[in-house]
Engineer: 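Before I ask anything, let me first share the structure, which is written out below as structure tokens.
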2 protein chains.
Amino acid sequence: MVTLKDVAQKAGVSEATVSLVLNERPGVSPKTRAKVLALAHELGYSPNAVARSLAMNKTSTIGLVVTDIENPFYGSLVHFLSEHAQKQNYSLLIAASGDEIENEDSIINVFLSRQVDGIIIVPSQNVRTNYQIFKMLKKRDIPFVFAVSYYPEYGDAFVMTDYRAGSYKLTKYLLSLGHKKIVHLTGPNSEAPLNKERIRGYHEALDECGLADKSEIISCSKADFFSGYQEVKQLLSVEKPDAIISINDIMILGARKAISEAGYKVPKDISIAGYDDVSFASIIETPLTTVKQNIEEIARLSIDLVIKKIEDHTIVRSRLLVAPELILRDTTAPHSDQGA
Amino acid sequence: MVTLKDVAQKAGVSEATVSLVLNERPGVSPKTRAKVLALAHELGYSPNAVARSLAMNKTSTIGLVVTDIENPFYGSLVHFLSEHAQKQNYSLLIAASGDEIENEDSIINVFLSRQVDGIIIVPSQNVRTNYQIFKMLKKRDIPFVFAVSYYPEYGDAFVMTDYRAGSYKLTKYLLSLGHKKIVHLTGPNSEAPLNKERIRGYHEALDECGLADKSEIISCSKADFFSGYQEVKQLLSVEKPDAIISINDIMILGARKAISEAGYKVPKDISIAGYDDVSFASIIETPLTTVKQNIEEIARLSIDLVIKKIEDHTIVRSRLLVAPELILRDTTAPHSDQGA
DNA sequence: TTAATGTTTTAAAGCGCTTTAGATAAATTT
DNA sequence: AAATTTATCTAAAGCGCTTTAAAACATTAA
């Protein structure tokens, strides 16, 4: 392995000089600069970032703890986070928590040990009872930001979709189609921002139309396909709503399965809509009406925010909401009372 | 920040002793060991992995360069890689190449600069013309393994599905249903192992049934939904095959769209099958017959292999093929000649 | 009691870099 | 030509850890 020292010796200058050259710092003559550069190239010198980090007390590394990369939504998020981090010359240390709270904590500790400059957390949707770790991060002044979700009381930076607005828009749209009974499928922890804000938007829309009494929230034990299927199967055995919406795209596909099995057609008998607009939403047989989260924007803002916090340590609070977009496809149709 | 030195001073011992204790090395009395441990805990000492790496010339970090995490298949792979790396006390530095060859190279260089202990490469499917980087890795004796795909001439370690076997099984199955004309949709670079081996399996199965002359490969410009749609639309305007298979699940959904638009029913008129068994394959309206890759196994073997290479530098070659599994769902049915 | 052996402990060097303060050389001013 | 100023360069310390070789101490054997 060729080190800075080697370059210095070959070039007949001090290590300090080589360091200055390689970091494009002023105070070295064009002549020596050229000589050093040539030699470095010739020897195939590649700086040792570990040594550099130790000396500078900065690793140019961001730690990313993410619940579940398997989920295409998070996969996409990781993709854009990686892309933007690279652009800014940061590397990403990534670890999947598998949606387990304890894993989150231990991953964060590993990150700290590895001296990451900042941390991006895509938190588990499970219920957390112990917030020690975030208090600690704050006390130790480690820059961290929440992406996609967050804990309202802890951390003063997050980036996520304006869930309220998304659900509001979607519900309004369904109401405009003449639907009255719109059932909202939600995840297990209805206090999680991911669920709560969506429900808020839903309620606001209903209220505005004087349909508050039609509100029906069904809380699924897990926010997955099977859970959506089961809950809707159960639901349909007692009543037939006009429409069903959900906090993600996957659960609503489970719902659709139950709907088909019950002998109803989508969207003729029941309109359905998802949330997220994951990759498959547009390519399935009946493309899904859904609310698209601008994942790339969330990723970009998250990276920028954490870097900002790293570089000027003075940021107070920034809570960024990214506007969602209503994507109309084929699973929603006017209520059968209204003409098609 | 509390350092090893702080702990040493408080405990009234040397830094060397503290180091021995913290690394659970012999040669220190139980008494001092206890004292040091207690103090370390009390002070909230957390070792600085960067300093450690520099001293030991080992980072316990694996660099992962992956084409496209957005693709649920790779997302899932990354998930399991992360999980297994954590279990073995390695961290993962991840970067997405966005399927661009040049990015792959520059990412690898960043990894080298960061002194990763080894590299896992999930290569782009684009055609590579310059293999310098792999030669360099080899020359510098950097452990690296290819996952999911590989370059036959470069690198002596890879882990991937036995694509040949998967396509063979699937084709055999379709033949057993009475189909004769089975069209195979493949990606742009038919020399990439990902495509080549699949085609081999397909041909072997046809040959065995004396149907070699029925073989038809359609090469799509990109291995995505739209490309699958277009090629099959074109195909159906001239002939109607018995079945269509593909190198992944996404393209075959494109194909299905074209099939529907042409007025055919799946699977009554045309059977279709994908490859990969990505998450959505089972939850769409008509669940997809496909070949499941054992992603978790691929991930586990990749991590184990690279770590093995890191720890005992003597491995020669290991080319691991993971068995795929045929998943029968609802998009395949007997040929209409045969009774249902 | 001394020598020999074994156990614990530590001083010091080193990992590859950055940075600071001072040395040296060159350019400018009087 | 000497005195300043300015531009280049470098010695040395330091980042937080590991490791080696030797020192210090305790134990056992002779």
Side-chain angles (χ1 to χ4, degrees), chain A residues 1-37 39-40 43-61 89 91 109-117 140, chain B residues 1-37 39-40 43-61 89 91 109-117 140:
Chain A
M1 196 190 163
V2 30
T3 72
L4 185 148
K5 195 174 171 184
D6 299 328
V7 178
Q9 279 173 351
K10 280 269 184 187
V13 299
S14 75
E15 297 181 37
T17 303
V18 177
S19 175
L20 291 178
V21 171
L22 295 174
N23 291 300
E24 297 179 324
R25 298 264 276 276
V28 26
S29 72
K31 217 176 101 189
T32 41
R33 175 169 304 253
K35 185 168 60 179
V36 168
L37 246 23
L39 241 10
L43 298 179
Y45 171 74
S46 158
N48 182 326
V50 172
R52 185 163 213 269
S53 295
L54 182 60
M56 300 188 32
N57 192 29
K58 149 137 182 121
T59 54
S60 293
T61 302
N89 290 315
S91 289
N109 281 316
V110 171
F111 284 170
L112 291 180
S113 176
R114 286 178 175 267
Q115 315 295 117
V116 297
D117 294 336
R140 291 182 47 182
Chain B
M1 193 193 168
V2 30
T3 71
L4 186 148
K5 195 174 171 184
D6 299 328
V7 177
Q9 279 172 350
K10 280 269 182 185
V13 298
S14 74
E15 297 180 36
T17 303
V18 176
S19 174
L20 292 178
V21 170
L22 295 175
N23 291 300
E24 298 179 323
R25 299 264 277 275
V28 28
S29 73
K31 219 176 102 189
T32 41
R33 172 167 306 248
K35 186 168 59 178
V36 168
L37 247 24
L39 241 10
L43 297 179
Y45 171 75
S46 157
N48 182 326
V50 172
R52 184 164 215 268
S53 295
L54 181 60
M56 299 188 31
N57 192 29
K58 149 137 183 120
T59 55
S60 293
T61 301
N89 289 315
S91 289
N109 282 316
V110 171
F111 285 169
L112 291 180
S113 176
R114 286 177 175 269
Q115 316 295 116
V116 297
D117 294 336
R140 291 183 45 182

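The sequence lines fix the lettering, A, B, ..., with proteins before strands; numbering per chain opens at 1.
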Engineer: Figure out the CG/P separation between B:L4 and C:dC15, and round it to whole Å.
Structural biologist: 19 Å
Engineer: When the nearest nucleotide of DNA chain C is assigned to B:V28 and to B:M56 on a heavy-atom basis, which residue is associated with the more 5' position?
Structural biologist: B:V28
Engineer: A:A51 side chain: which of C:dC17, D:dT19, D:dC15 is closest?
Structural biologist: C:dC17
Engineer: Please tell me if B:R25 has a side-chain N or O lying less than 4.0 Å from either OP1 or OP2 of D:dT19.
Structural biologist: yes
Engineer: Among C:dT18, C:dC15, D:dC17, which nucleotide sits nearest the side chain of B:R52?
Structural biologist: D:dC17
Engineer: With a cut-off of less than 4.0 Å, is there a side-chain N or O of A:S29 near OP1 or OP2 of D:dA7?
Structural biologist: no
Engineer: Between P on C:dG16 and NZ on B:K58, what's the gap in Å once rounded to a whole number?
Structural biologist: 17 Å
Engineer: Rounded to whole Å, how long is the line connecting atom CZ of A:R33 with atom C1' of D:dT8?
Structural biologist: 11 Å
Engineer: Is there a side-chain polar atom (N or O) of B:T17 under 4.0 Å from OP1 or OP2 of C:dT10?
Structural biologist: yes
Engineer: From the options B:L22, B:V21, B:T17, select the one residue that forms a side-chain contact (heavy atoms from CB on, under 4.5 Å) with B:R33.
Structural biologist: B:V21
Engineer: Looking at every non-hydrogen atom in both residues, tell me the closest pair between A:T59 and A:Q115 and how far apart they are.
Structural biologist: OG1-O, 2.8 Å
Engineer: Assign A:V13 to base, sugar-phosphate, or nothing according to its heavy-atom contacts below 4.0 angstrom with the strands shown.
Structural biologist: sugar-phosphate
Engineer: Tell me: CG of B:L20 to P of D:dT19, nearest whole Å?
Structural biologist: 9 Å
Engineer: Can you measure from CZ (B:F111) to OG1 (B:T61) and round to the nearest 0.5 angstrom?
Structural biologist: 10.0 Å
Engineer: Check this one for me: any side-chain N or O of A:N23 less than 4.0 Å away from OP1 or OP2 of C:dT18?
Structural biologist: yes
Engineer: Atom CD of A:Q9 to atom C1' of C:dC17: distance rounded to whole Å?
Structural biologist: 15 Å
Engineer: Please report the distance, rounded to the nearest Å, between NZ in A:K5 and C1' in D:dA11.
Structural biologist: 14 Å
Engineer: For A:T3, answer base if it contacts any base atom (sugar-phosphate contacts may also be present), sugar-phosphate if it contacts only those atoms, and nothing otherwise; contact means non-hydrogen atoms under 4.0 Å.
Structural biologist: sugar-phosphate
Engineer: Roughly how far, to the nearest 0.5 Å, is the CZ atom of A:R114 from the OG atom of B:S53?
Structural biologist: 6.5 Å
Engineer: Just how far, in rounded Å, is P of C:dG16 from CG of B:N48?
Structural biologist: 17 Å
Engineer: Nearest whole angstrom, please: distance from the C1' of C:dT19 to the CG of A:L22.
Structural biologist: 15 Å
Engineer: Between A:T32 and A:N57, just flag the one whose closest nucleotide in DNA chain D comes earlier from the 5' side.
Structural biologist: A:T32
Engineer: What nucleotide among D:dC15, D:dA11, D:dT8 has an atom nearest to a side-chain atom of A:A55?
Structural biologist: D:dC15
Engineer: For the NZ atom on A:K58, are there more than 12 heavy atoms of other groups (residues, nucleotides or ligands in this structure) within a distance under 6.0 Å?
Structural biologist: yes
Engineer: Take A:E15 and B:S14, find for each the nucleotide of DNA chain C with the closest heavy atom, and name the residue whose nucleotide sits nearer the 5' end.
Structural biologist: B:S14
